Amino acid sequence: MVEVLKELSKDNKKITLQNVWQAKRNIASHINKTPLIFSPKLSNSTNSEIYLKYEHLHESRAFKMRGAFNAICNLTPTQKSLGVTTFSTGNHGFAVALAAKKLGIRAVICVSKHVPKAKIEKIKSLGAQLEIYGDGQDDAEQRCYELVKEQGLTVIPPFDHPEVIAGQGTIALEILEDLPDVNCVLGGLSGGGLLSGIGLVMKSTNSDIKVIGLSMEKGAAMFESLKKGEPVSVNEEPTLADSLLGGIGENNQYTFNMVQQFVDQPILVEEEAIKKGMAYLYKEHNVIVEGAAAIGIGAILNNDVSIVENTKNVIIISGCNVDLDAHANAIKAYL
Ligand SMILES: *Cc1c(COP(=O)(O)O)cnc(C)c1O
């Protein structure tokens, strides 16, 4: 029955609430439910209730564990025996490495020659094999697809994949468990896997629940694509929200449509606001996060988004892979 549903959903390019419940069952024994924390000060200042969903507490330090685990669980026995690969050196790469290790599956992470040593060490420490190839991300990606042909590895994409999206959607099931009358969810928006999954669950449950997507001011591929009505590529610029960089893929199959359908409001947030958000989490909640995870609080502090009074709002605190010196530097003006 489950197999049939899965095949159907692939044909229709439609991911359903059932797929998200299946993902919850798949990851249940490997991934802990994360806490939903009330933020008294943010709530006071907005005359509403604001809660923080601590997705930085996963073992890989970001929510990407959910999607990576679900995608790898769903592989056939043959695919599992051959192994998986990806070219992300960020939170998705870490998640794939860790999920594969836990499931006893070989993982190869393709990186370019210029990837910093700290990242290489981190990937190695998670038990993955490295393929160092070429001068940039594009070369690493190309190597990844060569490995598919040469060694039969399966690529686990970072966002545009039904099982990855369904995995990220399990965040929303947990939010509804803890806060059934939630009115609005705010989260970082990059490739759109996170908000496609969350949006699907929230809108299927109650179409009045608002979903707000936040991206950095420069190089926001999804924001520009939504504006144009089709996937566009943008130039990347340095940002503290580095986990939100990257394109959405010219041939985007799932997330562009889902974000169009489920995200009520995409918003751009400037760099200083991201810093304010990081400083706020540090000062008020004793939490150290990366820029991408602080963008929701930054947007509220900066009045980029208006929280409706007397409503219940959840901000996704998405990850904490941040260099401590970079963090200290970013927040010092706002302490
Ligand atoms: C990947 C990521 C995001 C954005 O998720 P998408 O599915 O690409 O939109 C936000 N925050 C962190 C920390 C991430 O790693």
Side-chain angles (χ1 to χ4, degrees), residues 2-23 26 63-64 66-76 79 84-88 90-93 95-96 99 110 137-138 140-142 144-149 153-172 187-204 211 213 215 219-234 243-263 266:
V2 171
E3 284 302 314
V4 173
L5 274 179
K6 232 164 42 190
E7 284 311 312
L8 275 180
S9 67
K10 263 179 198 156
D11 287 347
N12 297 340
K13 296 242 169 81
K14 198 164 156 42
I15 304 159
T16 66
L17 197 52
Q18 276 163 317
N19 299 122
V20 183
W21 279 104
Q22 181 59 48
N26 290 341
F63 70 87
K64 297 273 195 324
R66 295 175 184 268
F69 234 108
N70 190 43
I72 296 175
C73 283
N74 271 300
L75 298 178
T76 64
Q79 287 174 319
V84 295
T85 183
T86 190
F87 49 88
S88 159
N91 288 327
H92 176 68
V96 168
C110 299
Q137 180 79 355
D138 290 350
E141 179 172 355
Q142 189 197 329
C144 197
Y145 286 93
E146 280 171 22
L147 287 176
V148 175
K149 287 197 202 124
L153 302 183
T154 302
V155 179
I156 307 293
F159 52 87
D160 200 25
H161 185 278
E163 267 98 40
V164 171
I165 294 167
Q168 322 306 28
T170 61
I171 298 171
L189 178 59
S190 177
L194 174 65
L195 293 187
S196 293
I198 290 179
L200 166 69
V201 172
M202 292 303 177
K203 300 288 183 184
S204 322
V211 177
S215 310
M222 184 62 87
F223 184 94
E224 299 303 331
S225 302
L226 291 169
K227 213 163 79 181
K228 184 104 194 285
E230 64 186 26
V232 294
S233 60
V234 294
S243 290
L244 300 181
L245 286 172
I248 69 164
E250 268 172 53
N251 289 313
N252 189 294
Q253 302 285 305
Y254 301 95
T255 59
F256 179 60
N257 286 337
M258 291 179 80
V259 167
Q260 264 183 331
Q261 197 182 340
F262 299 136
V263 173

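We use all heavy atoms of the structure for the numbers below, so side chains are in, but hydrogens, waters and symmetry mates are not. All values reported here derive from a predicted model rather than from experimental measurement.
Remark: side-chain polar atoms of N74 are paired, donor with acceptor, to backbone N or O of N70 under 3.5 angstrom. Although no hydrogens or angles enter the test, the distance criterion places no donor-acceptor pair under 3.5 Å between the side chain of T86 and the main chain of G93. A donor-acceptor pair under 3.5 Å links the side-chain atoms of Q168 to the main chain of G67, judged by distance alone. A donor-acceptor pair is defined here as one N or O able to donate and one able to accept, closer than 3.5 Å; such a pair exists between the side chain of H92 and the backbone of I156. Side-chain N or O atoms of Q253 include one that pairs as donor or acceptor with a backbone N or O of N251 at under 3.5 Å. In this structure, N19 contributes its side chain and T16 its backbone to a donor-acceptor pair below 3.5 Å. Without hydrogens or angle criteria, T85 side chain to T154 main chain gives no donor-acceptor distance under 3.5 Å.
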### Evaluation steps, side-chain contact (heavy atoms from CB on, under 4.5 Å), between V96 and S88
CA-CA 9 Å; V96 168; S88 159; over 6 Å; no
### Query
Under the side-chain contact (heavy atoms from CB on, under 4.5 Å) criterion, do L189 and L194 qualify, and how do the steps go?
CA-CA 7 Å; L189 178 59; L194 174 65; over 6 Å; no
#### Entry: Residues E146, K149; criterion salt bridge (charged side-chain N to carboxylate O under 4.0 Å, His left out); working and verdict
CA-CA 5 Å; E146 280 171 22; K149 287 197 202 124; over 6 Å; no
### Task
Go through the steps to decide whether F159 and Y254 satisfy the test side-chain contact (heavy atoms from CB on, under 4.5 Å), and finish with yes or no.
CA-CA 9 Å; F159 52 87; Y254 301 95; over 6 Å; no
### Task
Any chance you could lay out the side-chain contact (heavy atoms from CB on, under 4.5 Å) test for L195 and F262, step after step, and finish with the verdict?
CA-CA 8 Å; L195 293 187; F262 299 136; over 6 Å; no
### Task
Tell me, with the steps shown, if N26 and Q22 meet side-chain hydrogen bond (donor to acceptor under 3.5 Å, both in side chains).
CA-CA 6 Å; N26 290 341; Q22 181 59 48; 3.0 Å; yes
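Taking CZ of F223 as the reference point, atom CD1 of I248 lies at 13.0 Å (rounded to 0.5 Å). If you take OG1 on T170 and CZ on F69, they are separated by 12.0 Å, rounding to the nearest 0.5 Å. Distance check, rounded to the nearest 0.5 Å: CG of D160 to CG of N252 gives 4.0 Å. For the atom pair CG of N91 and NZ of K64, the computed distance is 5.5 Å after rounding to the nearest 0.5 Å. I198 contributes atom CD1, which lies 12.5 Å from atom NZ of K203 (distance to the nearest 0.5 angstrom).
By the 4.5 Å heavy-atom criterion applied to side chains, M222 and T255 are counted as neighbours. Looking only at side-chain heavy atoms (C-beta outward), Q260 and L226 come within less than 4.5 Å of each other. Residues I165 and L200 have side chains not in contact (no heavy-atom distance under 4.5 Å, counting atoms from C-beta outward).
The nearest pair of heavy atoms linking P157 to V164 is O-CG2, 3.5 Å. When every heavy atom of G199 is checked against every heavy atom of V211, the shortest pair comes out as CA-CG2, 4.1 Å. S190 and L244 make their closest contact through OG-O, 2.9 Å (heavy atoms, listed as atom of the first residue, atom of the second, distance). When every heavy atom of S215 is checked against every heavy atom of A220, the shortest pair comes out as CB-CB, 3.7 Å. Counting all heavy atoms, side chain and backbone alike, G246 lies closest to A221 at O-CB, 3.6 Å.
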